[in-house]
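Here's the structure, in C-alpha cells; my notes come after.
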There are 2 protein chains.
Amino acid sequence: MSDVARRAGVSPTTASFVLAGRRDMRISGDAEERVRQAARELGYRPNLTARGLRTSVTRTIALISDTIATTPFAGEVIHGALDAAGAREHVLFVAETEGDPQTETRLVEGMLDRQVDGFVYAAMYTREVRLPPALHDAKVVLLNCWARDTRAPSVLPDEVNAGRDAARLLLDAGQLGGVHVVGGRHVTRATPEGVWAGVERMRGIEEVFAGAGVRVAGVAECDWQPEDGHREVLRLLDAGAVPRALVCLNDRLALGAYQALQDKGLRVGDDVAVVSFDDSDLAGWLRPGLTSVGLPHYRLGRTAVELLLDDDAGPGVRHVPMPVALRASHGPQ
Amino acid sequence: MSDVARRAGVSPTTASFVLAGRRDMRISGDAEERVRQAARELGYRPNLTARGLRTSVTRTIALISDTIATTPFAGEVIHGALDAAGAREHVLFVAETEGDPQTETRLVEGMLDRQVDGFVYAAMYTREVRLPPALHDAKVVLLNCWARDTRAPSVLPDEVNAGRDAARLLLDAGQLGGVHVVGGRHVTRATPEGVWAGVERMRGIEEVFAGAGVRVAGVAECDWQPEDGHREVLRLLDAGAVPRALVCLNDRLALGAYQALQDKGLRVGDDVAVVSFDDSDLAGWLRPGLTSVGLPHYRLGRTAVELLLDDDAGPGVRHVPMPVALRASHGPQ
DNA sequence: CTGAAAGCGCTAACAA
DNA sequence: TTGTTAGCGCTTTCAG
C-alpha cells in the first residue's frame with residue numbers, strides 16, 4: 001500500500017482511506033483519483049489478513065453444523081448462506097461437528113482463533129440445542145434450531161403453516177373425508193414426543209381439517225422411511241379402508257405410499273390424492289408428480305446470514321415460509 | 001502471548017517457540033513446562049490472523065466449485081474435504097461461482113486477499129475446465145475436472161472401471177444376451193460427443209461384454225432423467241424386445257426403467273436385471289433395491305485436500321475407485 | 001539456550 | 001485536507 005501512496009504522491013493514511021472506501025474523512029477528489037489510478041496500475045490488492053489484524057474484522061463468517069453432508073439439509077442451505085455472504089463481500093467457512101462436543105469445541109476455537117466475525121450455528125433436524133460456551137459472547141444466529149439462555153436469533157421453517165397449506169390443498173380439491181395421515185409426529189424410541197417438524201405439521205393439518213369440520217380418518221404413527229410408508233398404506237388397504245387422500249409427512253413416505261397404492265392397482269391422483277412434505281428431487285421424479293410442501297433450505301441459509309450481517313438482529317424466532325410445489329398427485333385436474 | 005511469556009519468566013521468543021510447537025531450537029524442559037503452564041492458566045490461544053500476517057501461512061484452504069448446491073455432487077465432497085482439512089488442522093472456505101467467470105475472479109481474489117494456503121477447484125460434472133489466471137501460481141488441485149497448461153493434479157472418479165464392474169456383475173449373474181443399455185454416452189445438443197462420465201462408463205461396459213463374447217443388444221442414447229428412462233424402456237418393450245438385463249447410466253434412468261417395467265407387469269430382478277450408476281439415496285429406496293456403482297464423493301473431496309496439503313502432489317490424474325453397492329436388482333439370488 | 005528488536009501490511013490517533 | 005507515527009499479535013534474525 002505504501003507503494004501506491006508513494007506513486008500517488010500521498011501519505012499512507014490517505015491511500016488507506018480511499019482504498020478502504022471510507023467516506024468519513026474528506027479527501028480531495030484529485031487525491032482520490034490519483035490513488036485509485038496508482039492502485040490500478042500496480043495491481044494493488046489489500047491484504048485482508050493485515051487489515052484483520054489491525055481492525056479485528058475479517059469479513060469472514062463460519063457456518064457450523066452437526067452434519068452438512070447428509071442430504072437434504074445440505075447444499076441449498078450453504079448456497080443461500082453463500083449468496084448472502086457474497087453480496088456483503090464476506091466469505092464463508094464451513095465446518096461440521098458430527099455431533100461430537102469435542103470436535104465442536106475444537107472447531108469453534110479454530111474459528112475464533114481466526115477472528116471470524118460471526119457464526120451460523122445450524123442443525124440438520126430442527127431441534128433445541130445447547131450453544132457451546134465459547135460462542136456465548138460471539139455474534140451468532142441459530143439455523144434450524146433454537147437454544148435457551150441466548151440472545152441469538154433463530155431461523156426456522158414455518159412448519160405449522162406448511163401443515164395448514166397441505167390440508168387446505170386437499171380441502172380445495174374437494175376432499176371431505178377419508179383422509180389418512182402417514183407418518184404422524186414421528187414418535188420413535190429416541191423421540192417419544194415426536195419430532196418437531198412432525199408435531200408442527202400435524203398441528204397445522206389438524207387445525208385446518210377441524211376448522212372445516214372434516215374428520216381425519218386416521219393417523220399412522222411410524223418412522224419416515226419409504227418402507228414405513230409402504231407398510232402402513234398396505235396395512236390400511238388390507239384393513240379394508242378406502243382412503244380418498246393421504247397426507248404423507250415426507251416425500252420418502254410418499255414414495256412408499258405410491259408403491260403400496262400401485263401394488264393394489266390404485267392410481268395416485270385419480271383414486272387417491274397424495275400430498276407430502278419436503279419437496280425433494282424425488283417429488284418431481286415420481287409419476288404422477290408429487291405435490292409437496294418444500295423445506296425452504298435456500299432461504300433459511302440466506303436469511304440466517306442476512307440476520308447475522310445486517311445487525312438489526314434482535315433475539316427471537318424468524319419463521320421462513322415453506323413453498324408448496326403443486327404437481328399432479330393432490331387430485332384430479 | 002507476552003503475558004504468557006512474562007508469567008513464565010521467559011522472553012516472547014521462547015514462548016513463541018514452545019507455543020508454536022517448534023522443536024528446532026533447544027529449549028530447556030523447565031522453560032517449556034513453565035510456558036505451557038502459564039498458557040493454560042491464562043487460557044491463551046494464539047491469534048492466527050497475526051501469525052498469518054507474519055508467516056503468510058493461514059492454515060486455511062478454499063474449495064471453489066461451479067455449483068455446490070445442486071445434489072448429488074455436494075455434501076459428501078465437502079464432508080470429505082472437511083475431514084481431511086480438519087485432520088491437518090486446516091479450515092475450509094467454501095465458495096461457488098455458479099459458472100460465471102466474473103464471480104469466479106471475484107471469489108478467487110477474495111480468497112487470495114485472505115491468504116489461503118491453497119485451492120481445491122471443483123466441477124459439478126466431470127469435465128475439462130480453464131483454470132482462472134489468478135490461480136496459475138497458486139497451489140491448486142482439481143476435483144472432478146482437469147485443465148491443460150497446469151501442473152495442478154486432478155482427482156477423478158474411475159468411471160471406466162465402474163463400467164467394467166457393472167458389466168461383470170451382469171455376466172456373473174449369468175446374463176449372456178439381451179443386455180440393453182439405457183442412457184449411453186449422453187449425447188445431447190450441448191454435448192455432441194457425449195458426457196465424460198457416459199463415454200468412460202460405456203467404454204468399460206463395452207470392453208467387458210466384448211471380452212466375454214456377449215453382444216450388447218442395443219444402446220438407447222437419450223437424456224439421463226427419469227422420463228427418458230421410462231420412455232426408452234417402454235419403446236423397447238413395445239418394439240417387442242425381450243430385454244434380460246438393463247444397464248442404466250444413472251439411477252434416475254433406472255427409476256424410469258422401473259416404472260416402465262412395472263407398467264408392463266415385469267418384475268425387476270426376476271424378469272429383468274437392472275444395474276445402474278451413482279448409488280444415490282434413491283437406489284436404496286427403490287423396490288427391489290437398485291444395484292448401483294457409486295460416485296465416491298467423500299473420497300474425492302478427501303483425496304483432493306490430502307493431495308493439496310501433503311505436498312507430494314506431482315501433476316497428473318488420481319483415479320478414485322467407484323464402489324459397487326450390491327442390492328437385489330441385478331438378478332435373482 | 002535465551003532475549004532484544006525489527007517488521008509482516010494495514011489503520012487510526014493525533015498533529016500539522 | 002493530509003502526514004507522522006505507533007501499534008494489532010506474532011515470528012525470527014541476530015547477538016548474547
Side-chain angles (χ1 to χ4, degrees), chain A residues 1-39 42-60 89-91 109-117, chain B residues 1-39 42-60 89-91 109-117:
Chain A
M1 205 187 75
S2 60
D3 292 349
V4 173
R6 199 174 316 117
R7 176 180 262 255
V10 300
S11 74
T13 310
T14 307
S16 172
F17 266 77
V18 355
L19 294 173
R22 292 181 47 172
R23 320 246 76 246
D24 53 331
M25 186 192 237
R26 299 275 135 236
I27 303 259
S28 64
D30 179 48
E32 170 162 353
E33 189 38 55
R34 288 203 321 275
V35 170
R36 293 203 188 289
Q37 173 76 15
L42 297 175
Y44 170 81
R45 304 234 89 220
N47 178 323
L48 297 191
T49 306
R51 184 180 288 175
L53 177 58
R54 184 60 232 245
T55 60
S56 58
V57 349
T58 53
R59 299 189 152 268
T60 276
E89 296 189 282
H90 281 242
V91 111
E109 302 206 308
M111 296 302 176
L112 254 11
D113 294 348
R114 287 174 178 81
Q115 310 210 110
V116 299
D117 297 335
Chain B
M1 205 186 76
S2 60
D3 291 349
V4 173
R6 198 173 316 117
R7 177 180 261 256
V10 300
S11 75
T13 310
T14 308
S16 173
F17 267 77
V18 356
L19 293 173
R22 292 182 47 172
R23 319 246 74 245
D24 53 333
M25 185 193 239
R26 301 276 134 236
I27 303 260
S28 64
D30 178 49
E32 170 161 355
E33 188 38 53
R34 286 201 326 271
V35 171
R36 291 202 188 291
Q37 173 77 15
L42 296 176
Y44 171 81
R45 306 233 87 222
N47 178 323
L48 296 189
T49 305
R51 184 180 288 174
L53 176 59
R54 182 61 231 243
T55 60
S56 58
V57 349
T58 53
R59 299 189 153 269
T60 277
E89 295 188 282
H90 281 242
V91 111
E109 301 207 307
M111 297 301 177
L112 253 12
D113 294 347
R114 286 175 178 81
Q115 312 212 106
V116 300
D117 297 335

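Proteins come first, then strands; the chains are lettered A, B, ... in the order of their sequence lines, and each starts at number 1. The figures here come from the full heavy-atom set of this structure, side chains too, leaving out hydrogens, waters and symmetry mates.
- Regarding B/Arg114, its CZ atom lies at a distance of 16 Å from the C1' atom of C/dG9, rounded to whole Å.
- One finds the CG atom of A/Asn47 at 10.5 Å from the CG atom of B/Leu112 (value rounded to the nearest 0.5 Å).
- Atom P of nucleotide D/dA6 and atom CG of A/Leu53 are separated by 18 Å, given to the nearest angstrom.
- Neither OP1 nor OP2 of C/dG9 sits under 4.0 Å from any side-chain N or O of A/Ser2.
- Looking at heavy atoms from C-beta onward, A/Pro12 lies in side-chain contact with A/Met1 at the 4.5 angstrom threshold.
- If you check distances only, the side chain of B/Thr13 does reach the base of D/dT12 with a donor-acceptor pair under 3.5 Å.
- Note on A/Arg51: only backbone sugar-phosphate atoms sit closer than 4.0 angstrom, heavy atoms only; bases stay farther off.
- Summarising the geometry, the separation between CG on B/Asp113 and C1' on C/dC10 is reported as 13 Å, rounded to the nearest angstrom.
- Ion pair B/Arg7/B/Asp3 not flagged as a salt bridge, since none of the NZ, NE, NH1 or NH2 atoms sits closer than 4.0 Å to an Asp/Glu carboxylate oxygen.
- Nucleotide C/dC1 holds its P atom 13 Å from the CZ atom of B/Phe17, rounded to whole Å.
- The distance between atom CG of B/Leu19 and atom P of D/dG9, rounded to the nearest whole Å, is 15 Å.
- Side-chain proximity of B/Val10 to C/dA6, D/dA6, C/dG3: nearest is C/dG3.
- Atom CD of A/Gln115 is separated from atom C1' of D/dG9 by 9 Å (rounded to the nearest Å).
- With values rounded to the nearest 0.5 angstrom, B/Thr60 atom OG1 is found 6.5 Å from B/Asp117 atom CG.
- Between D/dT11 and B/Ser16, a contact under 4.0 Å exists linking OP1 or OP2 to a side-chain N or O.
- Between the CZ atom in B/Arg45 and the CG atom in A/Asp113 there is a gap of 4.0 Å [rounded to 0.5 Å].
- Put simply, A/Thr55 has no side-chain N or O that comes within less than 4.0 Å of OP1 or OP2 on C/dC10.
- For A/Ser11, the side-chain atoms get nearest to D/dT2 when compared with the rest of D/dT2, D/dC10, C/dC10.
- Protein atom CE of A/Met1 is 16 Å distant from nucleotide atom C1' of C/dG7, rounded to whole Å.
- We find that CZ of B/Arg34 is positioned 14 Å from C1' of C/dG3, with the value rounded to whole Å.
- Taking every side-chain heavy atom of B/Ser28 into account, C/dT2 is the closest of C/dT2, C/dC10, C/dT11.
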